[in-house]
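Written below as structure tokens is the structure these notes are about.
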There are 2 protein chains.
Amino acid sequence: MGIDDHSELDALPPGLASAWDVVDTSTRRGRKPAHSVDEIVAAATALADRDGIAAASLPKVAARVGVTTNALYRYVSSKEELIVLVADRAWGAAPTLPLDDWRGAATLWPHRLRDRFLARPWLLDVPTTVPLTPHTAAWLDALIVALAPTGLPARQVLYSAYLLDSHARYDANLRRNAPTPSALSAAHPDRRRRVRGFLDTQLRARSLDAVADVMQDPSFVADATTNDGFEFGLARILDGIEAHVSGGSPPAR
Amino acid sequence: MGIDDHSELDALPPGLASAWDVVDTSTRRGRKPAHSVDEIVAAATALADRDGIAAASLPKVAARVGVTTNALYRYVSSKEELIVLVADRAWGAAPTLPLDDWRGAATLWPHRLRDRFLARPWLLDVPTTVPLTPHTAAWLDALIVALAPTGLPARQVLYSAYLLDSHARYDANLRRNAPTPSALSAAHPDRRRRVRGFLDTQLRARSLDAVADVMQDPSFVADATTNDGFEFGLARILDGIEAHVSGGSPPAR
DNA sequence: ATGCACTGTTCATGCCATGCACAATAACTC
DNA sequence: GAGTTATTGTGCATGGCATGAACAGTGCAT
């Protein structure tokens with residue numbers, strides 16, 4: 001118990017201590033808080049769900065809670081911290097995976113992850129510099145446990161988890177930017193075709209015919225619902241891991 | 001030549017027309033522009049290189065060019081357009097890939113891509129909603145051409161490119177957030193250890209031992225230079241693609 | 001020569017994150 | 001019970017951002 005007895009918590013990245021629920025709200029002196037961190041985070045989440053991450057600004061959140069902007073700083077030290085809490089809340093509970101079928105688990109996990117991103121697309125806009133929070137840790141934990149039967153060393157299990165995480169995020173991002181069927185038939189019926197025409201012209205003018213050709217492919221033309229790139233990529237990843245697991249030389253290290 | 005003779009260009013996403021160089025600067029009447037789009041984009045790039053994407057704000061760019069903020073709107077229609085141009089510029093020329101060795105090409109390409117991201121980490125912060133621009137198209141074209149020998153249908157070639165793109169981005173992002181060796185030895189010698197200790201405690205308190213264990217692994221403790229997750233993941237992806245290419249049933253469609 | 005199109009500046013608006021001082025409040029101390 | 005003290009919510013304030021509108025200068029086209 002030296003001079004920095006409590007600096008253990010002070011030195012943490014923004015939101016970490018709050019996210020892991022290590023704040024002693026006991027025996028506090030002055031005026032009682034009229035709200036709670038949870039309430040504020042919930043309000044911010046609702047705003048983000050409705051209008052994207054930019055809508056979760058401090059003034060808007062404060063208005064929704066019914067309080068002045070600066071009052072939020074009594075609950076959250078910065079906007080960055082708020083975002084960390086909102087993001088962790090948005091992850092929700094980790095999926096339950098089979099423990100005797102690693103390939104099944106490694107199929108289910110990225111599907112569930114991608115579903116989370118599709119349900120809350122603004123999660124893709126959360127800066128990736130966020131620290132490890134309870135829900136994200138739980139997701140990772142579930143996958144690591146389910147991959148144990150592979151017998152891979154811890155390091156390679158983690159790397160495999162990275163592959164699956166990356167794939168789910170990437171696909172969710174592609175889908176978010178892809179047009180939805182409703183958007184296709186609605187507002188701009190031929191605008192999309194015009195853009196495609198423009199790009200085709202420009203691409204061929206620069207001898208980028210391979211890209212131009214691929215843009216003619218149904219997968220590029222199709223809307224978000226008919227995209228099967230996720231399954232294809234996932235199958236390659238799992239095949240690659242499986243080949244490494246079964247056929248591989250005794251894992252180094 | 002109807003009422004919307006030139007609306008072909010007007011309806012394009014921000015920056016597209018400008019990025020593909022389809023602006024007629026000929027026979028213009030009034031005062032001659034004192035600067036150029038290229039100069040402005042270069043200034044913004046320099047700022048982003050120095051202090052990240054947030055430093056490429058319109059006031060800062062304008063100050064660097066030596067002009068008022070609003071003067072930039074004579075060259076660029078919005079900040080979004082500027083970012084599109086800056087991003088395309090940052091990609092630079094696509095790599096030259098071997099055309100008779102698809103696996104070699106599929107190894108080289110993501111390495112080069114990741115190098116680009118490491119050289120300009122702020123590229124990871126560019127919103128992914130940007131349209132296809134000349135340099136990104138050239139990168140994609142190079143890879144697609146090099147993957148032709150696989151004999152895969154166009155759609156699957158594109159999906160394979162997605163896998164490699166995703167992997168390179170993800171790894172670059174991991175490395176960016178990882179501590180650099182200099183940062184490790186410098187400023188905060190034991191702060192990192194403290195955060196790790198905090199997380200370990202919290203993780204085990206919630207029975208997330210698998211994650212806690214993995215965090216003890218050298219790959220998690222190590223700095224950015226000793227991370228070999230990129231090679232591991234790339235090998236899995238390429239193995240998965242190769243198995244699909246050689247052993248696969250005749251490609252559906 | 002004159003008009004018109006184009007540039008760059010000035011002025012202005014409405015967002016945003018955040019800091020500081022202050023009044024109201026409620027526990028703790030005596 | 002009275003005073004001290006910590007804590008909350010508010011009001012005021014600052015500096016940054018993207019962007020719009022009006023305007024004066026400038027140079028080609030007629």
Side-chain angles (χ1 to χ4, degrees), chain A residues 6 10 14-15 18 23-41 43-44 47-48 50-86 122 125-127 129, chain B residues 6 14-15 18 23-41 43-44 47-48 50-86 122 125-127 129-130:
Chain A
H6 48 59
D10 293 352
S18 195
V23 277
D24 56 342
T25 56
S26 60
T27 71
R28 297 175 80 71
R29 208 166 287 202
R31 185 170 163 182
K32 281 184 183 168
H35 307 277
S36 70
V37 176
D38 274 348
E39 185 186 349
I40 288 161
V41 172
L47 288 170
R50 183 166 298 277
D51 298 313
I53 193 78
S57 72
L58 294 187
K60 294 207 183 89
V61 171
R64 185 171 231 268
V65 173
V67 92
T68 329
T69 301
N70 280 19
L72 297 183
Y73 283 96
R74 299 298 180 188
Y75 299 89
V76 160
S77 70
S78 69
K79 164 145 190 171
E80 185 181 357
E81 174 163 335
L82 175 63
I83 294 298
V84 168
L85 298 178
V86 166
W122 48 268
D125 299 321
V126 170
T129 59
Chain B
H6 48 60
S18 195
V23 277
D24 54 341
T25 57
S26 61
T27 70
R28 298 176 78 68
R29 207 166 286 201
R31 186 169 163 183
K32 281 183 184 170
H35 307 276
S36 68
V37 176
D38 274 349
E39 185 186 349
I40 288 162
V41 172
L47 289 170
R50 183 166 299 277
D51 298 313
I53 193 79
S57 72
L58 294 186
K60 295 207 183 87
V61 171
R64 185 171 230 269
V65 173
V67 91
T68 330
T69 300
N70 279 20
L72 296 184
Y73 284 96
R74 299 296 181 190
Y75 300 89
V76 160
S77 69
S78 69
K79 165 144 191 174
E80 186 181 356
E81 175 163 335
L82 175 63
I83 294 297
V84 168
L85 298 178
V86 166
W122 49 266
D125 299 321
V126 170
T129 57
V130 300

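None of these values were measured; they are calculated from a predicted model.
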Q | Nucleic acid contacts of residues 30-37 of chain A, taken as heavy-atom distances under 4.0 Å to DNA chain C | A | Gly30(A), Arg31(A), Lys32(A)
Q | Separation of dT19(D) C1' from Glu81(B) CD (nearest whole Å) | A | 14 Å
(Q) Between P on dA17(C) and CG on Leu72(A), what's the gap in Å once rounded to a whole number? (A) 10 Å
Q: Please examine the side chains of Ile83(B) and Ile53(B), heavy atoms only from C-beta on, and report whether any two atoms are closer than 4.5 Å.
A: yes
Q. Which parts of residues 50-57 of chain A get close to DNA chain D, meaning a heavy atom less than 4.0 angstrom away?
A. none
Q: Would you classify Thr69(B) as touching base, sugar-phosphate or nothing, given that sugar-phosphate means primed atoms plus P, OP1 and OP2, and contacts are heavy atoms under 4.0 Å?
A: base
Q: Write down the atom of Ala44(B), the atom of Ala56(B), and the distance for their closest heavy-atom approach.
A: O-CB, 3.9 Å
**Q.** Separation of Lys60(A) NZ from Ser57(A) OG (nearest 0.5 Å)
**A.** 4.0 Å
Indicate every side-chain donor-acceptor pair of residues 64-76 of chain A with a distance under 3.5 Å to a residue at least two apart or in another chain.
{"from": "Tyr75(A)", "atom 1": "OH", "to": "Ala34(A)", "atom 2": "N", "distance (Å)": "3.4"}
{"from": "Tyr75(A)", "atom 1": "OH", "to": "His35(A)", "atom 2": "N", "distance (Å)": "3.0"}

Q: Please report, rounded to the nearest Å, how far the P atom of dA5(C) is from the CZ atom of Arg29(B).
A: 6 Å
**Q.** side-chain contact (heavy atoms from CB on, under 4.5 Å) partners for Ser77(A), two or more places apart
**A.** Glu81(A)
Q | Integer-rounded Å distance: dG14(C) C1' and Leu58(A) CG | A | 17 Å
**Q.** Closest-nucleotide ordering on DNA chain C, the 5'-leading residue of Tyr75(B) and Lys79(A)
**A.** Tyr75(B)
Q) Between Glu80(A) (CD) and dC16(C) (P), how many Å, whole number? A) 18 Å
Q.
In this structure, how many angstroms lie between the C1' atom of dT18(C) and the NZ atom of Lys60(A), rounded?
A. 17 Å
Polar atom pairs between nucleotides 20-22 of chain D and protein, under 3.5 Å, N or O only, would you list them?
{"from": "dG20(D)", "atom 1": "N7", "to": "Asn70(B)", "atom 2": "ND2", "distance (Å)": "3.3"}
{"from": "dG20(D)", "atom 1": "O6", "to": "Asn70(B)", "atom 2": "ND2", "distance (Å)": "2.1"}
{"from": "dA21(D)", "atom 1": "N6", "to": "Asn70(B)", "atom 2": "ND2", "distance (Å)": "3.1"}

Q.
Starting the side chain at C-beta, find the nucleotide from dT5(D), dT10(D), dG27(D) nearest to Thr68(A).
A. dT10(D)
**Q.** Minimal non-hydrogen separation, Leu85(A) against Ser18(A), with atom names
**A.** CD1-OG, 3.8 Å
Q. Taking the side chain as C-beta and beyond, is there a heavy-atom pair between Leu82(A) and Leu58(A) under 4.5 Å?
A. yes
